[in-house]
Amino acid sequence: LRRERRLVDKRPLWWTVGLGGLLVVTPFLSDQAINIAAIFCIFSAINVIWTLIIGTAGIFSLATMAVVGMSGYAAAAANVYLGVPWPLMMPVGALVGLVLGGFLALPSTRLDGLYYALLTLGVAEICRVFVSQIKLLAPTNGSINQVGSFIPADWLLQRPGLLLGFFAAFALLLAALLVFRLINSERLGLLLQAAREDEAFSEANGIDYRRARLWVFILSSAALGSIGAFYVMFYRSISLAVFSLDQFLLLFSMLVIGGL
């Protein structure tokens with residue numbers, strides 16, 4: 001009976017304790033610490049979805065910030081230039097992420113490992129150069145400013161606005177964890193877990209693991225696109241820094257350290 005009551009996998013418990021502590025403690029912190037906590041939640045949400053691509057799908061893609069950045073630019077342009085209201089920016093970002101995911105998923109059927117990683121790393125640089133050259137899209141040093149946001153303008157940089165931004169980023173992280181749970185623990189994730197043990201045996205038993213990988217990659221890219229739109233609404237702007245190597249290395253180090 002004691003063995004039945006003992007938790008075999010304690011990771012959900014630690015996640016619950018950590019997130020609960022973050023939610024309770026953050027409102028009592030300084031304004032700067034609240035902003036840091038919100039940014040931490042956004043970056044954590046990106047890495048949770050990135051784990052689906054690298055871990056569940058087994059596709060070593062380094063184009064995560066390219067998808068986030070291009071989706072963010074598309075959502076910002078739709079809001080600033082086309083008048084799309086901010087509640088519709090996340091669907092716009094998700095749609096752009098879905099398209100980019102489909103585009104990036106195709107080479108993964110031919111390339112693998114280091115070669116695909118180098119390809120996707122090059123795609124991120126191509127996206128940065130592409131945006132910087134389109135002056136009509138981002139006329140101010142490659143940035144789009146005055147983007148609509150869920151944070152009221154009179155609350156900007158004020159404590160109520162910082163708290164609203166944190167709670168929204170926290171909800172985004174919970175949504176990313178839910179997406180991870182729904183994909184990794186359901187049919188697609190289970191198929192890929194079976195294929196990870198023995199791809200030849202799984203294929204002989206009728207498991208189309210290549211198609212499952214593509215679906216996980218595309219769905220994850222759509223989720224990254226919605227996070228990119230949230231990123232823009234949170235900062236009320238977007239610049240070429242989203243494609244920078246520093247930003248990428250920060251997220252990648254979080255991914256590596258979190259996997260230890």
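Minimum heavy-atom separation, Asn145 to Val80: O-CG2, 3.8 Å. The shortest heavy-atom contact between Ile49 and Ser220 is CG2-O, 3.3 Å. Nearest heavy atom pair, residue Gly148 against residue Asn79, reads N-OD1, 2.8 Å. Here the closest non-hydrogen pair linking Pro87 and Pro91 is O-CD, 3.6 Å. Shown here for Ser71 and Val67, the closest heavy-atom pair between the two residues is OG-O, 2.8 Å. Summarising the geometry of Ala241 relative to Gln247, their closest heavy-atom pair is O-CB, 3.8 Å, with the distance given to 0.1 Å.
Rounded to the nearest 0.5 Å, atoms CG (Leu22) and CG (Leu29) are 8.5 Å apart. Taking CG from Leu121 and CZ from Phe248, the interatomic distance works out to 6.0 Å, rounded to the nearest 0.5 Å. Note that CG of Leu249 and CE of Met65 are 11.5 Å apart. Values are rounded to the nearest 0.5 Å. To the nearest 0.5 Å, atoms CZ (Phe180) and OG1 (Thr51) are separated by 6.0 Å. The distance from atom CG of Leu98 to atom CG of Leu100, rounded to the nearest 0.5 Å, is 9.0 Å. Distance CD1/Ile42 to CG/Leu251: 11.0 Å, rounded to 0.5 Å.
With contacts defined as side-chain heavy-atom distances shorter than 4.5 Å, the pair Asn35/Ile39 qualifies. Taking 4.5 Å as the limit, some side-chain heavy atom of Leu19 sits within range of a side-chain heavy atom of Leu174.
Classification of the Phe166-Phe170 ring pair by plane angle, with boundaries at 30° and 60°, yields tilted. Under the 30°/60° scheme for interplanar angles, the aromatic rings of Phe217 and Tyr116 are found to stand perpendicular. Note: Phe43 and Tyr231 have parallel aromatic rings, judged against thresholds of 30 and 60 degrees for the angle between ring planes.
Two different hydrophobic clusters hold Val216 and Leu178 under the rule that ILVMFWY side chains link at heavy-atom gaps under 4.5 Å. Hydrophobic clustering (ILVMFWY, side-chain heavy atoms < 4.5 Å, transitive): Leu23 and Ile36 are in distinct clusters. There is a path of hydrophobic side-chain contacts, each under 4.5 Å, that joins Val232 to Tyr81. Val131 and Leu95 are assigned to two separate hydrophobic clusters, defined by single-linkage of ILVMFWY side chains at heavy-atom distances under 4.5 Å. In the hydrophobic clustering of this structure, Phe167 groups with Met90; members are Ile, Leu, Val, Met, Phe, Trp, Tyr whose side-chain heavy atoms approach within less than 4.5 Å, directly or through other members.
Arg128 contributes no side-chain N or O that, together with a main-chain N or O of Val242, makes up a donor-acceptor pair within less than 3.5 Å. Between the side chain of Trp86 and the main chain of Val147, no donor-acceptor pair closer than 3.5 Å is present. Of the possible donor and acceptor atoms, one in the side chain of Tyr73 sits under 3.5 Å from a partner among the backbone N and O of Leu240. Using a distance-only test at 3.5 Å, with no hydrogens or angles considered, no donor-acceptor pair links the side chain of Ser143 to the main chain of Ser239.
Atom CG of Leu157 is surrounded by 12 or fewer heavy atoms from other residues, nucleotides or ligands within 6.0 Å. With a 6.0 Å radius and a threshold of 12 heavy atoms from other residues, nucleotides or ligands, Arg181 has its CZ atom at or below the threshold.
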Could you check Leu219 against Leu52 for side chain to side chain contact (heavy atoms under 4.5 Å, CB included), going step by step and ending with a plain yes or no? CA-CA 10 Å; Leu219 293 175; Leu52 277 175; over 6 Å; no
